[in-house]
There are 2 protein chains.
Amino acid sequence: MLSHKAKYALKALLYLAEQDENHISKTIEIAEGANIPKKFLEQILLDLKRGHFVSSKQGKYGGYYLIKSKNDITLAEIHRLFDGAIALLPCASLNFYEPCSDCKTESECHLRHGLMLIRDKTLQAMQGITIASLVQK
Amino acid sequence: MLSHKAKYALKALLYLAEQDENHISKTIEIAEGANIPKKFLEQILLDLKRGHFVSSKQGKYGGYYLIKSKNDITLAEIHRLFDGAIALLPCASLNFYEPCSDCKTESECHLRHGLMLIRDKTLQAMQGITIASLVQK
DNA sequence: TTAAATTCTAGTAATTATGTAGAATTTATA
DNA sequence: TATAAATTCTACATAATTACTAGAATTTAA
């Protein structure tokens with residue numbers, strides 16, 4: 001399941017993607033438009049900025065805007081930024097790999113192989129969903 | 001990600017699937033064989049029993065055994081029993097559906113459609129992984 | 001009757017999720 | 001240059017969930 005943070009991030013990106021080119025959106029505007037708690041959204045937007053999905057203009061008349069094409073922002077990336085691994089266990093993860101603490105040896109782990117198959121399928125599906133594909137829905 | 005509970009459940013089922021037909025496994029035996037905290041495993045086995053994956057014999061010389069074919073126990077079922085929805089949000093779930101609290105109307109939710117596509121792909125992959133497929137690895 | 005197992009009902013400790021508060025900083029413009 | 005209005009930063013709060021543990025009750029074979 002997605003955390004609220006990841007869900008709100010997606011909704012904020014959708015909001016930004018629907019604005020006119022060159023439009024700068026204030027946090028409060030996004031919060032009200034997408035129904036997200038404003039103070040929570042502040043943090044999320046900073047995370048999205050650190051992830052190079054959006055950028056900001058500070059000070060009066062400042063706000064946020066997309067810096068990555070809505071065609072290039074995938075659900076997989078947002079999931080990884082906010083919720084971490086897409087795989088079902090760390091030992092089956094590409095980006096968040098960690099060995100199982102409770103497996104004697106990795107080759108003996110009967111779960112890993114199957115979970116990597118799932119990861120590949122899910123990842124492929126998540127990479128196919130972009131902000132653009134969601135906007136036009 | 002899978003909870004420890006779900007992971008332990010899978011490992012316990014794998015352990016049971018590897019035993020001889022008609023063999024009854026004590027909790028302590030499974031716990032040591034699969035490296036699972038014993039008291040925690042007790043609860044998990046009861047959940048698996050309530051889910052009709054295993055059954056038990058009480059009293060001295062009692063223990064647990066599979067009652068469902070290892071070919072018919074899928075990762076999807078175990079995920080749902082211990083970790084709930086496979087979909088990324090409740091509004092996109094088949095078995096754990098709930099409307100979004102923060103969406104004005106369901107048809108206006110731009111996330112739902114995309115998340116249902118992911119759910120279908122992931123579910124299909126998870127239904128393809130059975131205990132039998134994991135045992136032979 | 002006893003030993004050895006499951007089953008049941010609580011409880012607990014640590015972690016994570018979901019926010020909020022408030023001050024500091026930045027910037028446009030009057 | 002002062003001010004208003006925005007982002008940014010640091011810290012905290014609180015509730016829920018996760019991952020267990022404790023111990024008594026029940027069941028059953030011998």
- prompt: Are B:Ser3 and B:Asp83 close enough that a side-chain donor and a side-chain acceptor fall under 3.5 Å?
  reply: yes
task: State whether a side-chain donor-acceptor pair under 3.5 Å links A:His23 with A:Glu29.
output: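 A:Glu29 and A:His23 do have a side-chain donor-acceptor pair below 3.5 Å.
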NA contact type, [X], heavy-atom cut-off 4.0 Å: base, sugar-phosphate, or nothing?
X	value
B:Phe82	nothing
B:Gly62	sugar-phosphate
A:Lys7	nothing

Reference residue A:Phe82; test side-chain contact (heavy atoms from CB on, under 4.5 Å); the match among A:Leu48, A:Leu2, A:Leu10: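 Only match with A:Phe82 under side-chain contact (heavy atoms from CB on, under 4.5 Å): A:Leu48.
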What nucleotide, of [options], holds the atom closest to the side chain of [X]?
X	options	result
A:Lys60	C:dG19, C:dT7, C:dA28	C:dA28
B:Phe40	C:dT6, D:dC20, D:dT8	D:dC20
A:Pro37	D:dT8, C:dC8, C:dG19	C:dG19
B:Ser56	C:dT6, C:dT29, D:dT7	C:dT6
A:Thr27	D:dT7, C:dT7, D:dC20	D:dT7
B:Lys39	C:dA28, C:dG22, C:dC8	C:dC8
B:Lys57	D:dC20, D:dA29, C:dT7	D:dA29
B:Glu42	D:dC9, C:dC8, D:dA6	C:dC8

Distance, rounded to the nearest Å, where [X] contributes [atom1] and [N] contributes [atom2]:
X	N	atom1	atom2	value
B:Asp47	D:dT18	CG	P	13 Å
B:Ile28	C:dT7	CD1	P	16 Å
B:Leu45	C:dT6	CG	P	8 Å
B:Leu41	D:dA22	CG	P	16 Å
B:Leu46	C:dT9	CG	P	11 Å
B:Lys26	C:dA3	NZ	C1'	12 Å
A:Ile36	C:dT18	CD1	P	13 Å
B:Tyr61	C:dT6	OH	P	14 Å

message: Run A:His79 and A:Met126 through side-chain contact (heavy atoms from CB on, under 4.5 Å) and show every step you take.
response: CA-CA 9 Å; A:His79 187 285; A:Met126 288 177 85; 3.5 Å; yes
task: Starting from the C-alpha separation in whole Å, work towards a yes-or-no answer on side chain to side chain donor-acceptor pair (under 3.5 Å) for A:Thr122 and B:Thr122.
output: CA-CA 5 Å; A:Thr122 303; B:Thr122 303; 3.3 Å; yes
- prompt: Given the rule in the side-chain contact (heavy atoms from CB on, under 4.5 Å) test, do B:Leu13 and B:Val54 qualify, once you have shown the distances and angles that lead to the verdict?
  reply: CA-CA 8 Å; B:Leu13 290 169; B:Val54 304; 3.9 Å; yes
Taking only side-chain N and O atoms of [X], does any of them lie within less than 4.0 angstrom of OP1 or OP2 on [N]?
X	N	value
B:Tyr8	D:dA19	no
A:His4	C:dA17	no
A:Arg50	D:dT7	no
B:Tyr65	C:dT6	no

query: Starting at the 5' end of DNA chain C, which residue's closest nucleotide do you reach first, A:Lys38 or B:Gln43?
result: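 Taking each residue's closest nucleotide, the earlier one in sequence belongs to B:Gln43.
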